[in-house]
Amino acid sequence: MSCSTPPAAQVVQGRTPLAARAPDGDGCRDGADAANDPNMTTPLSTLIRTRREAIIERFVGELRRRSSVARDMPKPLIINSLPTFLDEVAASLERGAPTSGSDEAAREHGEARWENGFDLDVMVREYSVLRRSILRELHEAGVTPSLSDLEALSERVDAGIAQAVIEHTRLQLAALETERKRTELERGKSGSLLAEAPAPICLLKGEGLTFELANPMFCQMVGRDDLLGKPLVEAVPELRGQPLHAQLEAVMASGQPSVANEIPVRVMHWTGELVERLYNVLCKPLHGVNGAVEGVMATAFDVTEQIGARRKAERLALELQQSVAQRLRAEQALRVNEERFRKALRGSPVMVFNQDRDLRYTWMHNAFGKSEREVLGKADAEVLEDPDSARALERAKREVLSSGVGQRREIALHSGGRTQHLDISIEPLADDAGEIVGITCTATDITERKAIEQALRASEARFRTVQEASPDGFMILRSVRDASGAIADFEWVYVNPATGPIVGGRGKDLEGKRLLVEMPGSSLASAFDTYAKVVEAGEAARVELSSAHDGAPQTFRAIAVALGDGVGISFHDITEQKRSEAERAQLLEQEQRARQHAEQLNKLKDEFLATVSHELRTPLQSILGWARILRTGEVDTESLERGLSTIERNAKAQSQLIEDVLDASTIIAGKLQLRTDPVDVRQVLSAALDLVRPSALAKGVTVNAWVVEDVGIFLGDADRLQQIVWNLLTNAVKFTPSGGQVRAFARRVEAMLEVEVEDNGEGIPKSFLPFLFERFRQADGGMTRAHGGLGLGLAIVRHLAEAQGGTVNAESDGEGKGARFRVRLPIRAEPHSSQPSPQRRGSDAPGGAARRVLEGIRMLVVDDETDARELLGIIFGRAGATVSEAASAGAALEALRAGEFDVLVSDIGMPGEDGYAMMRRLRAMGAEVPASGIPALALTAYTRVEDRRQAIAAGFQMHLAKPIEPNSLVTAVAHLVGRAGNRGSWP
C-alpha cells in the first residue's frame with residue numbers, strides 16, 4: 001500500500017521534519033507493522049534518555065568525519081554540554097513545553113564553541129549532525145515517532161541552535177569591544193613606551209607600509225626623523241629590495257609573525273656613506289576588528305657588535321682548533337720523522353749523538369766508530385784518544401751551551417798513526433720550556449773529501465801554472481740565474497793573461513764581475529745564448545769571435561764546455577789561419593777565373609788556328625792552281641792576265657793576314673812602336689780608301705769618304721792611323737751586302753780627331769757588342785761563318801787607338817740595321833823620340849818606267865831557301881844592283897872574305913848557324929876583313945820587337961819583315977847605301 005505524508009509534516013518552521021529525513025526506508029511504515037510494533041508506545045523522550053550515549057557516540061563520529069575542525073579535537077571538547085542539552089530536550093518533550101534549562105545548555109555550548117575558536121557555520125552544522133544522529137538512532141531502535149513528536153524535537157533543537165548562536169554572537173561582539181578598548185589603551189600607552197624603548201620599533205599600516213609610529217631609536221636606525229605618514233620605500237628608499245623590506249611585506253601578506261636573525265640593513269648616512277648594520281628583527285601582524293591584517297609592528301635589535309664578537313670568537317676558536325690540529329699533525333710528523341731518522345741512520349756513516357749539560361753522552365749513533373757501552377755516560381776526554389782535539393771540541397760545546405748559538409767546526413783526530421777529519425755541527429738542545437738541557441751533534445767523516453780537496457788544489461795550481469803560461473786565452477764563467485731559474489748573465493771566475501785581446505786588454509780585474517754588465521754588445525757577449533745552451537745541455541760548442549784590440553783585428557776560435565753550473569771557454573788565435581784561408585780562397589777564385597779564361601783563350605786559340613789555317617790555305621790554293629796552269633804555257637793573254645792578277649791578289653791577302661798576326665803579337669807583347677809626325681788626315685783617309693776600293697768595287701759596295709776642313713794638324717803615326725781607317729773600312733765592306741753603302745769622314749770635335757765609319761750592312765747583335773773588340777772573337781765564328789778573316793782587325797784598331805791616347809766604340813741598332821764605328825784621337829799628341837819605321841803598306845800601283853836606284857851597288861844575298869834567293873836576285877837585279885848569293889852563313893862569310901860588297905841582305909833563320917851568329921862573327925873580324933863593317937839588312941819572318949832588337953844588337957843596321965813589297969825593299973836598301981832620296985818603283 002502506498003504511504004502518504006501528512007500535509008502538516010511538509011514544513012515545520014521552514015525545516016523538513018525529522019521523520020521525512022529518516023535515513024532508512026522510504027520514511028513510512030506499513031500500518032500493520034506499526035500496529036504490531038511494541039515500541040510505538042514508548043515516548044520519544046524516554047528513547048532519547050535511554051540511548052543518549054549511543055547518540056553522543058554517533059554524533060562524535062559523524063562530526064569528525066564531516067568537519068576538519070573537529071577531526072583532531074579531543075572527545076570531551078566535542079561533547080561539551082551535549083549530555084545536558086539532550087536531557088533538557090527529553091524533559092521538554094515530556095512536559096510539552098521548552099524549559100529554561102535547555103536554553104542555558106545551548107548558551108553554554110555557544111560560549112564553549114566561541115572559546116575554542118569555532119565559527120557560526122561550524123556550530124550550526126553541529127546541530128544538523130545532532131538531529132541526524134538522533135533520528136538514525138531511533139531508526140535503528142525500530143521506533144517511528146509521531147509527527148507531533150518530530151515537530152516538538154525540531155522545535156527544541158532549533159531553539160537550542162538559536163540560543164547557541166545568540167550566545168556565540170554576543171561573546172564575539174563583547175570580545176571585539178574589549179579588544180578595541182584594550183587596543184586603544186595599549187596605543188595610548190605605546191606612545192610613551194615606544195619613546196623609551198631601548199630598541200628600534202615602528203608601526204606600519206596598509207599595503208604601502210605607511211609609517212604610523214616610529215620611536216627615536218628607529219629614526220636613528222634609518223637616519224631620518226620625518227617618517228610618519230610616509231610609505232616605507234618613500235621614506236627610506238634604500239630599503240627597497242633589502243631583507244627587512246621583504247620580511248615586512250611577507251608578514252603583511254600572510255598575517256603570520258616573523259623573526260629574522262642577523263639580517264643586514266643598509267641605510268644612507270648623513271655623510272652620504274652607505275652604512276650597514278646587523279639586526280635581529282621581530283615582525284608581528286596587527287589585526288583589525290574584522291580580523292583582517294591592517295599593519296605590521298617591527299622591533300629591531302642591533303647585534304652588529306655581538307655578531308662581530310661572536311665571529312671573532314668563532315675565528316679564534318677555529319684558529320685554536322687549527323693550531324691544535326696542526327700541533328697534533330706536527331707531533332705525528334715528528335714521531336714519523338724520528339722513526340724515519342732512526343731508520344735512515346741505521347745504515348748511514350754520519351755520526352749523531354746527544355750530550356747533557358755535563359757533556360756526557362746520552363744518546364749516540366755511530367759515534368767515532370765505538371759501541372754504546374764505550375761511549376754513553378762518558379765525556380769527550382774519555383772517548384777520544386787525541387787529548388788536544390778533545391779539549392778543543394769541549395770548549396766549542398761549552399760555548400754553545402752558554403750562548404745558545406750553534407757552531408760548526410772541522411777537527412782532525414789523530415789515532416794510531418792515522419788522521420781522521422770530521423765536520424762537526426753542534427746545536428743546543430732545549431726542553432719544552434725552552435731551557436737548554438744539552439747539545440746535539442752531527443759529525444761527517446770528510447777525510448776523503450780533504451784528500452780530494454788537497455788534490456784539487458794541487459791540480460788547480462798546476463792548471464793555473466799551465467794557463468798563465470798558455471798562448472791561448474782561457475776563462476771560466478759562472479751562471480747567474482734569475483728568480484725563475486733561467487740564466488740571466490755570467491760572472492767571471494778566472495781569466496788567464498792570454499785572454500787580454502779578447503776582453504779589450506783587461507784581465508784579472510774582470511774576475512767577480514758580470515759579462516753583460518762589463519762588455520755589453522761585444523763579440524764575446526754576442527755568443528751569450530751559446531754559453532747558456534752549453535750549460536743547460538752539457539754539450540760543447542764552437543764559435544768564432546772577433547776582436548780589434550790595439551787596432552789590429554783578430555779572429556779567435558772558441559771552444560765552450562760545461563763546468564758545473566758554468567762554462568769554460570778556450571780561445572785560439574786563428575787570425576793568420578783565417579787570412580791564409582782567405583788568401584787561399586782568393587787565389588783559388590783567381591785560379592778558377594784564370595783557368596776559365598785560359599780555357600776560353602785555349603778555345604779561341606784553337607778556333608784562331610783553325611781560322612788561320614783556313615785563311616792561309618784558301619789563297620794558297622788559288623796561287624798554286626794558277627801557278628801550275630801558267631807553267632803549262634797553254635794560256636791565252638786574257639787568261640794569263642787573270643791568273644797573274646789572282647796570284648797577286650791572294651798573295652796580298654796572305655800578306656795582310658800575316659801582317660795582322662804580327663801586329664797582334666806586337667800589341668800583346670806591349671812592344672808596339674809609334675812615330676809622332678805631322679799627319680795629313682785627308683791624305684791618310686784617301687790612301688786607306690784607295691786600299692779598300694778594289695775589294696769594294698768587286699763586291700758592288702759604294703764607299704765615300706771626306707774630311708771636314710777644320711781638322712787641323714794631327715800629330716801621330718800616319719801608318720797606324722791609316723791602318724785604323726783601313727781596318728774599319730775593310731770590316732764595313734766585308735759585312736755590307738752588294739748594293740750597300742759605306743761612308744767615312746773625319747772631323748774635329750774640340751781637341752779630338754774623330755773618324756767615323758758607318759755602313760748599312762748586316763749590323764751587330766746586341767749580345768755581341770761587349771765582345772766586339774776582343775781578339776779572335778767573331779760573331780759568326782766556326783766553320784759555317786759567312787765571312788773570312790782572323791777576328792783581329794777590330795782588336796788591332798782598339799789597341800792602336802788606345803796606344804795613341806784615344807778610344808774606339810761601336811753602335812748598332814741590331815741585326816740588318818748597319819753599324820757605326822767611331823775613333824777619337826787627341827789632335828796634338830805629345831811627340832816622343834822613336835826610330836822611324838818604313839811604310840807598312842806602300843802603293844803597289846805601277847809607277848811608270850823602272851828606275852835603277854841601285855845601279856852599281858854590289859850585294860850579297862844570304863838565304864837557305866833557293867826560291868827566296870832567286871826572287872831577291874831578280875828584285876835587286878832589276879833595280880840595277882849586282883847580286884851574289886849564299887845558301888848558308890859559312891858560305892856568306894867566305895864570300896865576304898874573298899870579294900868586295902856594298903851591302904848585305906840576309907835571312908835570320910838558317911840551318912847550322914843563324915843570321916845573328918853570322919853577323920856577330922863578321923863584325924868581330926875587324927880590319928883584317930874589309931867587309932866586316934858592311935851595311936847589313938835583316939830580312940826575316942821573325943818580326944817581334946825582341947827579334948828586331950836582337951838583330952840590331954848582332955850588327956844589322958835594319959830589320960824588315962817578310963813578306964815585303966819590292967818597292968819597299970829596294971827603298972830600304974837605298975837607305976842603307978845612302979841613296980834614300982832616290983825613291984823609285986820596282987818594275
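Given the structure is predicted, the values throughout are model-derived calculations rather than measurements.
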In the structure I gave you, are the side-chain heavy atoms of L937 and L960 within less than 4.5 Å of one another anywhere?
yes
If you apply the rule side chain to side chain contact (heavy atoms under 4.5 Å, CB included), what do you find for F745 with N704, and how did you get there?
CA-CA 8 Å; F745 68 91; N704 295 316; over 6 Å; no
Is there a donor-acceptor contact under 3.5 Å linking the side chains of Q723 and R720?
yes
Residues L922 and A931: closest non-hydrogen pair is CD1-O, 3.8 Å
With heavy-atom distances below 4.5 Å as the criterion, would you say the side chains of V681 and L753 are in contact?
yes
Check side chain to side chain contact (heavy atoms under 4.5 Å, CB included) between T866 and all other residues, then give those that pass, not counting sequence neighbours.
R869, E870
Taking all non-hydrogen atoms of both residues into account, name the closest pair between M925 and V929 and its distance.
SD-CG2, 3.5 Å
Which distance, rounded to the nearest 0.5 Å, do you find between the OG1 of T940 and the NZ of K962?
6.0 Å
Ignoring hydrogens and geometry, is there a side-chain-to-backbone donor-acceptor pair from T971 to N967 under 3.5 Å?
yes
To the nearest 0.5 Å, what is the distance between NZ (K817) and CD (E815)?
10.5 Å
From CG (D864) to CG (D907), nearest 0.5 Å
6.0 Å
Under the salt bridge (charged side-chain N to carboxylate O under 4.0 Å, His left out) rule, collect the residues that match up with D759, sequence neighbours excluded.
none
Flag if over 12 foreign heavy atoms under 6.0 Å of CD, E802:
yes
Are the side chains of Q590 and L587 in contact, using a 4.5 Å heavy-atom criterion?
yes
Are any non-hydrogen side-chain atoms of L939 and L872 less than 4.5 angstrom apart?
yes
Considering non-hydrogen atoms only, spot the tightest contact between M918 and A892 and give its length.
SD-CB, 3.8 Å
Looking at residues at least two apart in the chain, or sitting in another chain, which of them share a salt bridge (charged side-chain N to carboxylate O under 4.0 Å, His left out) with R743?
E756, E758
Tell me whether K699 contacts the main-chain N or O of G740 through its side chain, where contact means a donor paired with an acceptor under 3.5 Å.
no
Using salt bridge (charged side-chain N to carboxylate O under 4.0 Å, His left out) as the criterion, list what pairs up with E750, not counting sequence neighbours.
none
Using a 4.5 Å cut-off on heavy atoms from C-beta on, say whether the side chain of Q741 contacts that of T736.
no
Taking S932 for the side chain and G926 for the main chain, is one N or O donor matched with an acceptor at less than 3.5 Å?
yes
Non-neighbouring partners of E811 that pass salt bridge (charged side-chain N to carboxylate O under 4.0 Å, His left out), sequence neighbours left out:
R820, R822
In chain order, what residues pass the side chain to side chain contact (heavy atoms under 4.5 Å, CB included) check against S888, with sequence neighbours excluded?
A891
Here the gap from I764 atom CD1 to D813 atom CG, rounded to the nearest 0.5 Å, amounts to 10.5 Å
Taking side-chain contact (heavy atoms from CB on, under 4.5 Å) as the criterion, tell me which of D902, L854, L904, T882 meets it with M859.
L854
Taken in chain and number order and not counting sequence neighbours, the residues that satisfy side chain to side chain donor-acceptor pair (under 3.5 Å) with D690 are R693
Quick one: list whatever passes side chain to side chain donor-acceptor pair (under 3.5 Å) with R920, sequence neighbours left out.
none
Exam field: side chain E754 to backbone R748, donor-acceptor pair closer than 3.5 Å
no
Checking N731 now: which residues fulfil side chain to side chain contact (heavy atoms under 4.5 Å, CB included) with it, not counting sequence neighbours?
F735, L794, F821
Of all heavy-atom pairs between Q804 and P826, which one has the smallest distance, and what is that distance?
O-CD, 3.3 Å
Step by step, would you call L825 with L721 a side chain to side chain contact (heavy atoms under 4.5 Å, CB included)?
CA-CA 10 Å; L825 302 171; L721 179 59; 3.9 Å; yes
Which atom names give the shortest non-hydrogen contact between V823 and A801, and what distance separates them?
CG1-CB, 4.1 Å
One should read off an interatomic distance between M958 CE and R948 CZ, to the nearest 0.5 angstrom, of 9.0 Å
With side chain to side chain contact (heavy atoms under 4.5 Å, CB included) as the criterion, how do L729 and V742 come out once you've worked through the C-alpha distance, each side chain's angles and the decisive distance to 0.1 Å?
CA-CA 8 Å; L729 288 172; V742 176; 4.0 Å; yes
Taking all atoms of both residues into account, what is the closest heavy-atom pair of G955 and Q957, and its distance?
O-NE2, 3.4 Å
I'd like to check the side chain to side chain donor-acceptor pair (under 3.5 Å) partners of E865; sequence neighbours left out, ordered by chain and number.
none
Would you give the length of the straight line joining atom CG of L685 to atom CH2 of W726, rounded to the nearest 0.5 angstrom?
15.0 Å
Got a sec, which residues hit side chain to side chain donor-acceptor pair (under 3.5 Å) with E900, two or more places apart in sequence or on another chain?
R858
Who pairs with A938 by side chain to side chain contact (heavy atoms under 4.5 Å, CB included), at least two apart in sequence or on another chain?
I908, A951, F956, H959
Side-chain ion pair, E894 and R897, N-O less than 4.0 Å
yes
